[in-house]
Amino acid sequence: MSNSPLLEIKDLHAGIGDKEILKGLSLTVDKNEVHAIMGPNGSGKSTLANVLAGHPGYKVTGGEVLFHGKSLLAMKPDERAHAGLFLAFQYPVAVPGVTMVNFLRQALNAKHGGEMPIREFREKLFSKMGLLKMDQEFARRYVNDGFSGGEKKRAEMLQMAMLEPSLAVLDETDSGLDIDALRTVAEGVNALMNPEMGLLLITHYQRLLNYIKPQFVHVLIDGRIVRSGGAELAEELERTGYEEEEALVAGGKA
Amino acid sequence: MTVATEQKLPVVALSKAIGAAEGDRPATAQLRSKAALLAEAMRLPDSYQERPWKYADVSGLDLAAYQPGAAANRGDEPESFRERYNLEHLAAGSTLVIQKNGDCTYSEASPGVTVVEVAKATGEEAATIDAKLGSVVPPERSKFTALHYAYMRGGLLVDIAANVEVPEPVRIVRELQVGQLAAPHTLIVTGANSRVHVVEDFRSSEADILALPVAEILPGHGATVRYTVLHRWGSNTRVFSEGQLLSGPDSTFVSTNLVVGGRLVKGHVESSLTGRGSSSELFGVFVGDHDQQIDFYTLQDHIGADTRSDLLYKSALADQARSAYYGLTRVGLEARNADAFQQDHNLLLSPEARADSDPVLEILTNDIIRCNHGATTGPVDDEQLFYLESRGVPRKQAEAMLVRGFLNEVLARVPQQALRDEMEQIIDEKLAAVSS
């Protein structure tokens with residue numbers, strides 16, 4: 001197991017209903033690596049995030065995904081979380097009536113397969129909230145209910161901090177954030193990153209990557225990775241946009 | 001379905017015997033005999049004709065099968081009764097009354113609180129009862145209310161003097177152990193600027209029981225009354241309950257019905273906002289499973305000017321359980337500046353569960369602040385479920401969390417932490433039984 005890469009996606013085909021969105025996507029992410037997947041709207045970015053997390057609305061039609069060398073696609077969503085996968089949602093849903101603290105406690109207990117002592121839990125919660133510069137009052141609020149855009153993203157980061165995943169997938173974490181909120185969230189991610197962990201950033205724009213530096217950048221067009229490079233690729237895309245890449249893909253098809 | 005032939009019940013004779021055993025004063029005896037005649041003459045509510053009864057077909061109910069005024073169960077509670085009733089969390093010295101089959105077995109009142117049995121009251125309290133009993137919910141409202149007054153036993157007056165604030169909830173535990181027709185009455189009369197929370201805690205055995213509780217609530221000028229009913233009936237108990245507020249000026253009323261037990265719980269909750277500047281908040285939280293039926297009718301009746309009402313009813317239904325909600329918000333001609341809100345939400349936990357929901361507005365004046373209503377019915381939200389699962393919470397547990405969260409929105413409005421915890425625990429126990 002220690003020899004297998006953290007995440008291996010091989011020729012993944014997936015979509016909604018009969019519509020194929022991912023058309024043979026391959027990608028390997030190892031520990032201590034930060035990857036960014038960039039692409040225009042409709043290229044399959046959110047589909048990839050949802051398929052990895054096991055959203056029941058998406059159907060996998062081909063290929064495989066190995067996580068710590070085991071088939072991820074065979075696992076239920078909660079089992080994926082227990083195995084160390086975390087998805088920070090682009091649009092986290094509100095869960096009125098369920099407090100953050102209750103939610104986090106149940107999630108942690110489920111992951112550890114038993115009751116974590118309440119004191120230990122509280123100490124951990126408050127230290128992670130401190131790390132993310134969050135007010136303790138936040139823990140008593142209902143999950144994402146009435147949260148601002150920035151609060152939602154910080155709540156996602158808090159969940160990530162508490163669950164300590166080996167692979168975190170951040171789906172458009174920069175969307176809906178002003179520059180200050182973006183900086184706070186990015187600082188949080190950087191503080192949580194460790195050498196045993198891998199990070200997959202999914203983003204339309206380059207601006208998140210000013211704060212979280214990827215070693216690898218991949219361009220996703222029409223359900224496939226069409227180009228990979230280093231951090232400089234993101235800057236190039238910021239200047240040129242996706243049209244050139246899209247044209248190349250369109251040309252290849254013709 | 002055939003309409004049952006009207007059942008002839010010997011109500012008058014039975015009710016006389018109960019009145020004699022209770023030791024009725026003349027006013028109560030008069031109310032009782034009037035009700036007995038009505039009960040003999042009246043028909044059962046007709047689900048085709050009477051809107052609040054649309055979803056509760058009672059034509060097949062065999063009233064003759066139920067014996068009113070069950071065998072006496074006198075005797076004091078043993079030392080360990082707080083443990084037996086799960087009441088250990090109640091604050092020491094707070095008001096507690098326990099009735100078994102209509103007989104008082106324990107009674108303790110905190111300073112400023114008067115709780116007295118209708119038949120045993122004397123002096124001013126007797127005068128209050130004689131003047132108010134049956135004045136808010138009249139015997140002629142339905143055959144069930146007529147039967148209630150005819151067979152009433154162990155009725156209680158809760159009387160709070162002016163300017164008294166009762167810090168801890170007043171708890172009335174009424175337990176029915178043997179098969180019977182039970183008619184418990186609660187009359188709450190409060191003085192100006194007083195404040196009290198009365199918790200009526202209904203429990204029953206698995207015997208075949210028909211319960212016809214009535215509550216009449218009369219808050220004084222500027223007073224606040226909270227009235228919470230815990231319906232923890234056994235699964236063979238049918239309940240037809242009436243609760244009605246008649247508001248004093250600037251008074252506040254908060255009603256909460258928590259239903260987890262009973263085969264059929266039919267509740268009518270009426271709030272008559274007569275007093276200028278008065279307000280009412282009506283809450284309901286129901287969890288049903290198997291073939292339980294929970295059916296509530298509510299009335300937010302804005303009669304006086306500057307009145308405000310809010311309503312939030314929520315049900316979670318498993319198996320073949322059914323809920324029905326019919327709620328009327330009425331704004332009368334004189335009810336200027338009325339502010340009314342009404343919401344009914346239902347969560348269906350199985351494909352066979354069913355909820356009918358009819359919130360209705362009837363507005364007779366243009367001069368209102370707000371008058372809104374809304375209703376939803378549906379299964380647990382898939383996106384919420386996936387969100388919790390993606391954080392490692394297994395599906396079953398995630399579902400339970402969502403149901404609890406859904407109902408918590410009502411419980412969050414209970415101000416006393418200990419009572420809120422108790423209500424949460426009642427719901428948790430019910431939900432655990434549902435999912436197992």
Side-chain angles (χ1 to χ4, degrees), chain A residues 49-58 75-113 116 140-145 152 155-156 158-165 168-169 171, chain B residues 256 258 283-287 312-316 343-347 349 374 376 378-414 417 420-421 423-428 430-432 435:
Chain A
N50 279 301
V51 166
L52 290 177
H55 191 294
Y58 294 82
M75 299 180 204
K76 290 189 264 187
D78 58 311
E79 294 167 343
R80 298 180 194 206
H82 298 167
L85 180 77
F86 181 87
L87 167 63
F89 287 84
Q90 183 178 4
Y91 303 112
V93 294
V95 192
V98 177
T99 58
M100 285 293 294
V101 62
N102 178 22
F103 173 37
L104 286 168
R105 189 160 157 74
Q106 297 215 37
L108 244 69
N109 285 344
K111 184 177 179 179
H112 296 141
M116 185 176 186
R140 280 185 275 276
R141 290 175 64 184
Y142 293 150
V143 175
N144 299 321
D145 191 27
K152 279 185 187 166
E156 294 291 287
L158 177 62
Q159 292 169 44
M160 175 172 142
M162 291 298 285
L163 291 165
E164 299 171 318
V169 180
D171 186 10
Chain B
T256 306
L258 183 153
F283 300 121
V285 49
F286 312 144
V287 187
L312 178 62
Y313 271 56
K314 287 194 160 193
S315 76
Q343 272 180 289
D344 176 53
H345 301 295
N346 305 287
L347 203 49
L349 307 178
T376 60
V380 171
D381 184 88
D382 282 340
E383 290 300 321
Q384 290 180 338
L385 204 52
F386 174 61
Y387 188 71
L388 301 188
E389 283 183 276
S390 78
R391 299 303 183 239
V393 181
R395 192 177 184 92
K396 272 260 163 210
Q397 197 183 333
E399 261 175 6
M401 273 176 89
L402 290 176
V403 176
R404 217 167 284 140
F406 171 80
L407 301 174
N408 263 352
E409 224 192 309
V410 180
L411 298 185
R413 314 232 196 159
V414 177
Q417 176 80 41
R420 194 164 62 233
D421 289 348
M423 291 169 79
E424 266 174 35
Q425 202 191 331
I426 293 170
I427 285 176
D428 278 357
K430 175 73 176 186
L431 289 175
S435 53

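Every chain is numbered from 1, with letters handed out A, B, ... down the list of sequences.
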- Item | Contact winner vs chain B - A:L104, A:V143, A:L87, heavy-atom pairs under 4.5 Å | A:L87
- Query: Between A:Q106 and chain B, which part of the residue has a heavy atom less than 4.5 Å away: side chain, backbone, both or neither?
  - Reply: both
- Task: Look up atom CZ in B:R391 and atom CE in A:M160, then write down how far apart they are to the nearest 0.5 Å.
- Result: 10.5 Å
- Closest heavy-atom pair and its distance - B:A412, A:Y142: CB-OH, 3.7 Å
- Note on the structure: Under 4.5 Å to a heavy atom of chain A? For B:L407 that would be neither
Scan the side chains in residues 88-101 of chain A for donor-acceptor partners under 3.5 Å anywhere in the protein, sequence neighbours excluded, and list what turns up.
unit_1, atom_1, unit_2, atom_2, d
A:Q90, OE1, A:S46, OG, 3.4
A:T99, OG1, A:N102, N, 3.2

- Item | Pair B:Y387, A:N144: side-chain N/O donor-acceptor within cut-off below 3.5 Å | yes
- Here the pair of heavy atoms bringing B:S390 nearest to A:A81 is O-CB, 3.4 Å
- Note on the structure: Most heavy-atom pairs under 4.5 Å with chain B, out of A:R80, A:E79, A:Q159, A:M162, belong to A:Q159
- Can you find a heavy atom in the side chain of A:K76 that is under 4.5 Å from one in the side chain of B:R395? no
- Which atom pair, heavy atoms only, marks the closest approach of B:V393 to A:A110? CA-CB, 4.3 Å
- Supply the atom-to-atom distance B:E409 CD to A:D145 CG, rounded to the nearest 0.5 angstrom. 7.5 Å
